[in-house]
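One structure below.
First listed ligand is number 1; within each ligand, the first listed atom is number 1.
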Amino acid sequence: MSTEIKIEQDVLADNRANATRNRKTFGDFGVFVVNLMSGPGSGKTTLLQRTIEVMSRRLRMAVIAGDLETSRDADRLSGRGAPVIQVNTNGACHMEAHQIERIVASFDLANLDLLIIENVGNLVCPAEFDLGETERVTVLSCTEGDDKPAKYPLMFRESSLLLISKTDLLPHVYFNVDAAIADARAVHPGMQVMQLSAMRGTGMEQWYDWLAARAKSARAK
Ligand SMILES: Nc1nc2c(ncn2[C@@H]2O[C@H](COP(=O)(O)OP(=O)(O)O)[C@@H](O)[C@H]2O)c(=O)[nH]1
Ligand SMILES: [Mg+2]
């Protein structure tokens, strides 16, 4: 039992050290890095498909897509105006900082403003692993249920922005937007929330502006 606990502590401590190095590197080069997290199927890749098409005209951006298996997300994201690199975690439920460190070693960071990391779809584990990102963003689709912020609080507590996605489906599902936001703000007071439908393209401007403003201030620093 004590061995198990020690191994877990070592893994988290190693990850923290790698994440700290990543954060310093991103800070030195003025790159704004988003760790995009959610349960599976909330619409992260769909959001990024549109985001790349719009934001790659405004900023120099790249995407890292993490999944347990396959290159399907990278296939969906490629050819839209930004380089996309897929990481397979080979069964692990989250991405770790050393994976990001290895990939960005081949990036020309001096010519990058925005890096978005699509984490593995999982509402629990990714929140425990710092990647060295500048900000964490959680996506919650209205098909998942408005109780998720209360039931899976860590990801919501650790994210500066909550995107409530698939709002085109709100007329068809029992999802109380106000209750979801109240629960998110109960675990994370003042959490910023946006509602959007990447499929329809509604509510996307506020997300683009959020990214652009933060990328600008990361570069200024
Ligand atoms: N109705 C609707 N469906 C969506 C929306 N965004 C994504 N989807 C669908 O939700 C499913 C999962 O989307 P995906 O982008 O792969 O989610 P991910 O697993 O979080 O990357 C797919 O069938 C998408 O077509 C949306 O805004 N509205
Ligand atoms: Mg995806």
Going by salt bridge (charged side-chain N to carboxylate O under 4.0 Å, His left out), name the pairs with one or both residues in residues 23-44, residues two or more places apart or in two chains.
Arg23-Asp130, Arg23-Glu133, Lys24-Asp28
Would you compute the distance between atom CD of Gln192 and atom CH2 of Trp210 and round it to the nearest 0.5 angstrom?
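The CH2 atom of Trp210 is 7.5 Å from CD of Gln192, to the nearest 0.5 Å.
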In this structure, CD of Glu96 is separated from OG1 of Thr89 (nearest 0.5 Å) by 9.0 Å
Evaluate the side-chain contact (heavy atoms from CB on, under 4.5 Å) criterion for residues Asn35 and Val33: first the C-alpha distance (whole Å), next the side-chain angles of each, then the deciding distance (0.1 Å), finally the verdict.
CA-CA 7 Å; Asn35 181 358; Val33 182; over 6 Å; no
Single hit among Arg214, Lys216, Arg58 for salt bridge (charged side-chain N to carboxylate O under 4.0 Å, His left out) with Asp209:
Arg58
Can you pull the residues with any heavy atom under 4.0 Å from ligand 1?
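Ligand 1 is contacted, at a heavy-atom distance under 4.0 Å, by Gly41, Ser42, Gly43, Lys44, Thr45, Thr46, Arg76, Glu118, Lys166, Asp168, Leu169, Ser197, Ala198, Met199.
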Do His94 and Phe129 have their ring centres less than 6.0 Å from each other?
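So the answer is yes for these two rings.
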Short of 2.8 Å from the Mg ion (ligand 2), name each protein N/O/S atom, waters not counted.
Thr45 OG1, Asp73 OD2, Glu118 OE2
Taking the side chain as C-beta and beyond, is there a heavy-atom pair between Pro126 and Met155 under 4.5 Å?
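Side-chain contact under 4.5 Å: yes.
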Indicate yes or no: at least one non-hydrogen side-chain atom of Ile164 is less than 4.5 angstrom from one of Val193.
yes
For residues 61-71, run the donor-acceptor check on the side chains, cut-off 3.5 Å, and write out each pair with its distance to 0.1 Å, sequence neighbours left out.
unit_1 : atom_1 : unit_2 : atom_2 : d
Thr70  : OG1    : Arg72  : N      : 3.3
Ser71  : OG     : Asp75  : OD2    : 3.4

